[in-house]
There are 2 protein chains.
Amino acid sequence: MKYIEKLRNSGLRPTKQRLQICEVLFNNKETFHFTINNLAKKIKKSLNAKISLATVYNTVHAFEKKGYLKKISINTDQTFFDTNTTDHHHFYDLNEEKLIDIKNSDVGPIKILKKIEGKKIKSVEVLVKLED
Amino acid sequence: MKYIEKLRNSGLRPTKQRLQICEVLFNNKETFHFTINNLAKKIKKSLNAKISLATVYNTVHAFEKKGYLKKISINTDQTFFDTNTTDHHHFYDLNEEKLIDIKNSDVGPIKILKKIEGKKIKSVEVLVKLED
DNA sequence: AATCTTATTTATAACGATTCTAAAGAACTG
DNA sequence: CAGTTCTTTAGAATCGTTATAAATAAGATT
């Protein structure tokens, strides 16, 4: 069980539910984007397990806090998460309401010429909205 | 009343409430960021009027649709609006939970090297998160 | 101005996403 | 195994937002 150690090392007990969610989230060739509801359905299908919605919330937030997931900002009512935790950017397709990754190397270097006294930059995220 | 024509030209009836909200939103030297709750309080103080929360929502959304306000994406539970509708970017101060504008000219040109078949770029927004 | 029509406001109910709660169950420690 | 702590769970509670339907105001028509 490849996730047991990873969880334990993060101070999270490797429970059955967490391990199952790990399977769904991290046992893929490609990273992907999801909403909580989205993920809850995926879990119900992918495994034939019923994990309580509260647990899905708990787990996703725990994983986010540990840095295994990233929350993504789009001005919509939906909250998206990303299993790709590396620095990168996004397209947001306004018609299909879907996210698409943009590799860092596919965005020219971004120079922020303005500085704020006493603050340092934690991240720079580019969101490119697409329409037909 | 300087907003009456503006509203009428947008197909919005210049009601007392809308005109009052226009005062609060657009009668300022500087543009600013706000949340709905935020704005509702400001209205209650600035003017001594009590506008129904539903009307504040309606009006803000109407103004947004007409392009007089911009919604801003940050991954937090709060929905921000901006009275600055020109193309620009933002700092988000994670500690103070506050937005700061970045003029377009303070961000070097952004090259998006990836293209999506059949889609065109509607906007490019940069969000720079700040910490202490 | 009186009347008609349509848009707007309003309080409140309804909603959906998320969080909280407290009890039951599972994981860890010695 | 016994004791402790963490996790899961269903359901209640909460929060921001949207829908509802009646009252009101604006605009158009006469």
Side-chain angles (χ1 to χ4, degrees), chain A residues 1 3-25 33-44 47-66 68-69 71-81 97, chain B residues 1 3-25 33-44 47-66 68-69 71-81 97:
Chain A
M1 297 308 218
Y3 300 112
I4 292 183
E5 279 313 304
K6 193 178 168 183
L7 287 172
R8 234 192 292 263
N9 292 337
S10 319
L12 298 172
R13 287 185 181 173
T15 64
K16 189 180 58 160
Q17 290 85 344
R18 284 180 181 156
L19 290 170
Q20 288 176 323
I21 293 175
C22 278
E23 285 304 320
V24 174
L25 289 179
H33 308 104
F34 64 93
T35 64
I36 297 269
N37 252 298
N38 212 324
L39 176 62
K41 279 181 200 161
K42 202 164 186 167
I43 289 166
K44 207 183 283 182
L47 342 163
N48 46 343
K50 315 120 194 109
I51 296 180
S52 159
L53 188 58
T55 301
V56 178
Y57 273 98
N58 288 341
T59 304
V60 166
H61 289 150
F63 287 2
E64 189 204 355
K65 201 166 292 173
K66 296 299 179 183
Y68 302 142
L69 292 172
K71 209 190 251 181
I72 300 173
S73 25
I74 301 150
N75 46 20
T76 175
D77 38 12
Q78 298 188 279
T79 300
F80 285 93
F81 290 87
E97 303 187 354
Chain B
M1 296 308 217
Y3 300 112
I4 291 183
E5 278 314 305
K6 193 177 169 185
L7 286 173
R8 235 191 292 264
N9 293 338
S10 318
L12 297 173
R13 288 185 180 174
T15 64
K16 188 180 58 158
Q17 291 85 345
R18 283 179 180 157
L19 289 169
Q20 289 176 323
I21 293 175
C22 278
E23 285 304 320
V24 174
L25 288 179
H33 307 105
F34 65 91
T35 64
I36 298 268
N37 252 298
N38 212 324
L39 176 62
K41 281 181 198 161
K42 200 164 186 166
I43 289 167
K44 206 183 284 181
L47 343 162
N48 45 344
K50 315 125 196 99
I51 297 180
S52 159
L53 187 59
T55 301
V56 179
Y57 272 98
N58 288 341
T59 305
V60 166
H61 288 150
F63 287 3
E64 189 204 355
K65 202 165 291 174
K66 295 299 180 185
Y68 302 142
L69 291 172
K71 207 191 254 182
I72 301 173
S73 27
I74 302 151
N75 44 20
T76 174
D77 37 12
Q78 298 188 278
T79 300
F80 286 93
F81 291 87
E97 302 186 356

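We use all heavy atoms of the structure for the numbers below, so side chains are in, but hydrogens, waters and symmetry mates are not. Chain identifiers are assigned alphabetically (A, B, ...) following the order of the sequence lines, protein sequences preceding nucleic acid strands; residue numbering begins at 1 within each chain.
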Next item on the list: Identify whether any heavy atom of Asp77(A) sits under 4.0 Å from a base atom; if not, whether one sits that close to sugar-phosphate; answer base, sugar-phosphate or nothing.
Entry: nothing
Checklist line | Inter-residue atom distance Thr35(B).OG1 - Glu97(B).CD, 0.5 Å rounding | finding: 11.0 Å
Next item on the list: Please find the earliest and latest nucleotides of DNA chain C, in the 5' to 3' direction, that have an atom within less than 4.0 Å of any heavy atom of chain A.
Entry: dA17(C) to dC28(C)
Notebook entry, point to check: Ala54(B) or Leu12(B): which one's nearest nucleotide on DNA chain D is closer to the 5' end?
Noted result: Ala54(B)
Next item on the list: Keeping the roles fixed (side chain from Lys66(B), backbone from Ser10(B)), state whether a donor-acceptor pair exists under 3.5 Å.
Entry: yes
Check: Counting side-chain heavy atoms from C-beta on, which of dT9(D), dT17(D), dG27(D) comes nearest to Ile51(A)?
Finding: dT9(D)
Next item on the list: With Lys41(B) as the cation and Phe34(B) as the aromatic partner, state whether NZ or CZ is under 6.0 Å from the six-membered ring centre and within 45° of the axis.
Entry: no
Checklist line | Crowding at NZ, Lys71(A) (>12 non-hydrogen neighbours, <6.0 Å) | finding: yes
Next item on the list: Note down the inter-axis angle between the two ends of the helix from dA1(C)-dT30(D) to dG30(C)-dC1(D), five pairs each, to the nearest 10°.
Entry: 30°
Item checked: Distance in Å, Ile72(B) CD1 paired with Ile74(B) CD1, rounded so as to fall on 0.5 Å steps -> 6.0 Å
Check: NE2/His33(A) to CZ/Phe81(A) distance, rounded to the nearest 0.5 angstrom?
Finding: 12.5 Å
Item checked: Nucleotide dC6(D), atom P - distance to NZ of Lys65(A) in whole Å -> 14 Å
Margin query: Going by the rule side-chain contact (heavy atoms from CB on, under 4.5 Å), which residues pair with Thr15(A) if we only count those two or more places apart in sequence or in a different chain?
Written below: Arg13(A), Gln17(A), Arg18(A)
Check: Mapping Thr79(A) and Thr59(B) to their closest nucleotides on DNA chain C, which lands nearer the 5' end?
Finding: Thr59(B)
Check: To the nearest angstrom, how far is Leu7(B) atom CG from dA25(D) atom P?
Finding: 18 Å
Note to self: For dT18(D) and Tyr57(B) - does any side-chain N or O of the residue sit under 4.0 Å from the phosphate oxygens OP1/OP2?
What the structure shows: no
Check: Are His61(B) and dT17(D) close enough that a side-chain N or O sits under 4.0 Å from OP1 or OP2?
Finding: no
Next item on the list: Starting from P on dT17(D), measure out to CG on Asn38(B) and report it in whole angstrom.
Entry: 11 Å
Check: So which nucleotide from dT9(D), dT17(D), dG27(D) ends up closest to the side chain of Gln17(A)?
Finding: dT9(D)
Notebook entry, point to check: Does any non-hydrogen side-chain atom of Ile21(B) lie less than 4.5 Å from one of Val60(B)?
Noted result: no
Margin query: Go nucleotide by nucleotide along DNA chain D from the 5' end; which of Asn37(B) and Lys16(A) gets its closest nucleotide reached first?
Written below: Lys16(A)
Check: When you measure from the side chain of Thr15(A), which nucleotide among dT9(D), dT17(D), dT7(D) comes out closest?
Finding: dT7(D)
Check: Hey, does Phe63(B) have a side-chain heavy atom less than 4.5 Å from the side chain of His61(B)?
Finding: no
Next item on the list: Spell out, as yes or no, whether a donor-acceptor pair under 3.5 Å connects the side chain of Thr59(A) to the backbone of Thr55(A).
Entry: yes
Notebook entry, point to check: Whole-Å distance between dG11(D) P and Asn58(A) CG?
Noted result: 17 Å
Next item on the list: To the nearest Å, give me how far apart NZ (Lys66(A)) and P (dC6(D)) are.
Entry: 12 Å
Note to self: I want to confirm an ordering. Mapping Arg13(B) and Thr55(B) to their closest nucleotides on DNA chain C, which one lands closer to the 5' end?
What the structure shows: Arg13(B)
Next item on the list: Starting at atom CD of Gln20(A), determine the distance to atom C1' of dT8(D), rounded to an integer number of angstrom.
Entry: 12 Å
